[in-house]
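These notes concern the structure reproduced below.
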Amino acid sequence: MDSGVFRARTIREALKKVRAEFGAEAMIVSQHRRDGWIEVTARRDDGVSPAAKRAVAAPQEITGGRAREKLAAMGLDPGLIDTAFASAPAKRWADLERAVKQLLPAAPRPVTLSRGRVRLIGPAGAGRTTNLIRLATNHVLQHGNRSMALVTTDTARLAGAEALMLAGELLGVPVLEASSDDELRNVLATLSERALILLDTPALPSRGGDEIAELPSFETFLVLPVTHRLGVMKALLERTAKLQPAGVVLTQLDCSEGIADVLSLLWRHAMGVAWLAAGSDLDAGLEPATSELLWRLAAGTEVSADVDHPSPATPRARVRELAIA
């Protein structure tokens with residue numbers, strides 16, 4: 001069986017059934033609660049995302065100025081386009097497409113983390129807590145719940161703390177709170193033997209505000225909604241640069257008609273995309289940010305050779321194909 005629906009009274013029981021059926025190749029497709037039961041739909045992951053399996057329609061031959069016009073119409077940065085033209089052996093569309101894909105800031109990370117110290121930061125409504133829960137769920141599915149802990153310093157926001165506490169209860173993992181730097185150090189000391197610690201943080205104001213604590217032992221990921229204005233994103237990138245983020249998580253992809261401008265901004269800041277996320281529903285999951293997926297999302301339309309008459313944009317349908325973890 002390559003997919004199936006598993007019913008149980010608790011999420012832990014459902015995940016045990018999924019692991020028993022699919023083992024290390026298990027991938028959650030959706031989770032629902034019906035009539036007091038948890039229903040988890042899962043499938044066997046073959047390592048290739050559905051989006052990557054779809055072939056891009058082969059374009060007709062376009063070169064030179066028309067190819068540059070097409071890339072500019074997508075919203076790509078002129079500097080990125082110039083770099084692609086300089087590196088392409090010929091100025092045919094296929095060569096330029098390959099050159100652009102190599103430049104798009106993909107820095108994929110696995111959606112299941114076996115160990116480490118990971119912190120998510122970002123503005124209000126970006127999806128920090130939601131994506132932290134997604135990472136926690138994936139870890140429990142693959143490695144069990146004994147080696148992980150959740151920590152939050154977002155103690156002033158009741159909704160965020162409640163969501164994390166509920167997730168911890170369902171997954172059977174501890175959730176600890178820290179309202180100061182001293183408390184955080186003490187909490188982390190008690191968790192030193194845990195293989196994986198996921199840290200949730202308060203929302204970052206778009207400009208100014210309190211300094212962000214440096215945690216050298218943690219990998220920091222900046223969560224950015226693609227619906228934010230570019231100026232806000234630029235300010236956040238500049239504010240967090242000293243933390244040397246390991247990458248960004250692009251969220252709310254289902255609300256965007258194309259993200260070429262966002263990818264261009266990240267390219268200028270030499271910042272890679274680690275994960276992609278569509279929507280705030282936990283069912284939406286995470287997807288590693290491959291160059292192929294970034295290209296499709298940047299295009300916002302099916303790749304067509306006709307600059308003047310592109311095919312209809314279908315970004316939402318394309319985003320729904322992201323492998324749900």
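Since we're looking at a predicted model, the values are computed, not measured. Quick note: residue numbers are just sequence positions, from 1.
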**Message:** side-chain contact (heavy atoms from CB on, under 4.5 Å) for Leu199 and Leu120? Distances and angles first, verdict last.
**Reply:** CA-CA 6 Å; Leu199 174 61; Leu120 297 188; over 6 Å; no

**Prompt:** When you look at Thr83 and Leu103, which way does the side-chain contact (heavy atoms from CB on, under 4.5 Å) test go after all the steps?
**Reply:** CA-CA 8 Å; Thr83 303; Leu103 293 172; 3.9 Å; yes

**Message:** As a quick check of understanding, evaluate side-chain hydrogen bond (donor to acceptor under 3.5 Å, both in side chains) for Thr152 and Glu177, giving each step before the final call.
**Reply:** CA-CA 5 Å; Thr152 179; Glu177 295 180 299; over 6 Å; no

**Asked** Yes or no on side-chain contact (heavy atoms from CB on, under 4.5 Å) for Leu222 and Val249, after CA distance, side-chain angles and deciding distance?
**Response** CA-CA 6 Å; Leu222 176 61; Val249 187; over 6 Å; no

**Request:** Tell me, with the steps shown, if Leu132 and Leu164 meet side-chain contact (heavy atoms from CB on, under 4.5 Å).
**Result:** CA-CA 9 Å; Leu132 204 78; Leu164 209 60; 4.0 Å; yes

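To the nearest 0.5 Å, atoms NZ (Lys70) and CG (Leu76) are separated by 11.0 Å. Put simply, OG on Ser147 and CD on Glu193 are 12.0 Å apart, with the number rounded to the nearest 0.5 Å. Here the CG atom belonging to Leu263 is positioned 11.0 Å from the CG atom belonging to Asp77, to the nearest 0.5 angstrom. Taking CD1 of Ile133 as the start and CG of Leu170 as the end, the distance is 9.0 Å to the nearest 0.5 Å. For the atom pair His143 NE2 and Leu141 CG, the distance stands at 9.0 Å (nearest 0.5 Å). Taking OG1 of Thr251 as the reference point, atom NE2 of His228 lies at 8.0 Å (rounded to 0.5 Å).
Remark: side-chain polar atoms of Thr153 are paired, donor with acceptor, to backbone N or O of Asp200 under 3.5 angstrom. Trp275 contributes a side-chain N or O that, together with a main-chain N or O of Pro110, makes up a donor-acceptor pair within less than 3.5 Å. Counting only distance, with no hydrogens or angles, the side chain of His139 and the backbone of Thr112 share no donor-acceptor pair below 3.5 Å. When atom types are taken as modelled, the side chain of Thr190 and the backbone of Val187 share a donor-acceptor pair closer than 3.5 angstrom. Here the side chain of Arg185 pairs no donor or acceptor atom with the backbone of Ser180 at under 3.5 angstrom. The backbone N or O of Leu243 sits nowhere less than 3.5 Å from a side-chain atom of Thr240 that would complete a donor-acceptor pair.
Among all heavy-atom pairs drawn from Ala260 and Met74, the shortest one is CB-O, 3.0 Å. Residues Pro288 and Val111 approach most closely at CD-CG1, 3.7 Å, considering heavy atoms. Closest of all the heavy-atom pairs between Ala289 and Pro108 is O-CD, 3.8 Å. Nearest heavy atom pair, residue Leu224 against residue Val248, reads CD1-CG1, 4.4 Å. The nearest pair of heavy atoms linking Leu104 to Ser291 is CD1-O, 4.1 Å. Across all non-hydrogen atoms, the minimal contact from Asn145 to Leu171 is ND2-O, 3.1 Å.
Annotation: side chain of Ile81 is not in contact with side chain of Leu96 (no heavy-atom distance under 4.5 Å). Counting only heavy atoms from C-beta outward, the side chains of Thr201 and Asp154 never approach each other to under 4.5 Å. Residues Leu204 and Leu236 are in side-chain contact: their nearest non-hydrogen atoms beyond the backbone lie under 4.5 Å apart. A 4.5 Å side-chain heavy-atom check between Val151 and Leu191 finds at least one atom pair inside the cut-off. Contact check for Leu294 versus Leu276: side-chain heavy atoms found under the 4.5 Å cut-off. The side-chain heavy atoms of Met148 and Ile197, taken from C-beta on, include no pair separated by under 4.5 Å. Residues Arg7 and Ile38 are not in side-chain contact: their nearest non-hydrogen atoms beyond the backbone lie 4.5 Å or more apart. Using a 4.5 Å heavy-atom cutoff, the side chains of Leu71 and Val100 are in contact.
The neighbour count for Arg115 CZ, taken as heavy atoms of other residues, nucleotides or ligands under 6.0 Å away, does not exceed 12. Residue-environment remark: CZ (Arg9) exceeds the threshold of 12 foreign heavy atoms within 6.0 Å.
A continuous path of Ile, Leu, Val, Met, Phe, Trp and Tyr side chains, each step under 4.5 Å between heavy atoms, connects Val175 with Leu113, placing both in one hydrophobic cluster. A single hydrophobic cluster is seen to contain both Val118 and Val173, as judged by linkage of ILVMFWY side chains at heavy-atom distances under 4.5 Å, directly or through other members. A chain of hydrophobic side-chain contacts below 4.5 Å, direct or via other Ile, Leu, Val, Met, Phe, Trp or Tyr residues, connects Leu250 to Trp267. Grouping the Ile, Leu, Val, Met, Phe, Trp and Tyr side chains by contacts below 4.5 angstrom, directly or via other members, places Phe218 apart from Leu198.
Seen from the ring of Phe85, Arg68 counts as a face-on cation partner, given the 6.0 Å and 45° thresholds.
Salt-bridge check for Glu219 with Arg109: passed, with a basic side-chain N closer than 4.0 Å to an acidic carboxylate O. Comment: Glu238 engages Lys234 in a salt bridge, judged by a side-chain N to carboxylate O separation of less than 4.0 angstrom. Classification of Lys17 and Glu13 as a salt-bridged pair fails, no side-chain N sitting under 4.0 Å from a carboxylate O.
Residues passing the side chain to side chain contact (heavy atoms under 4.5 Å, CB included) test with Pro174 are Ala149, Leu176, Arg194, sequence neighbours excluded. Remark: Ser179 engages Glu183 in a side chain to side chain donor-acceptor pair (under 3.5 Å) (not counting sequence neighbours). Partners of Arg119 by salt bridge (charged side-chain N to carboxylate O under 4.0 Å, His left out), not counting sequence neighbours: none found.
Ring planes of Phe22 and Phe6: perpendicular class, angle over 60° (limits at 30 and 60°).
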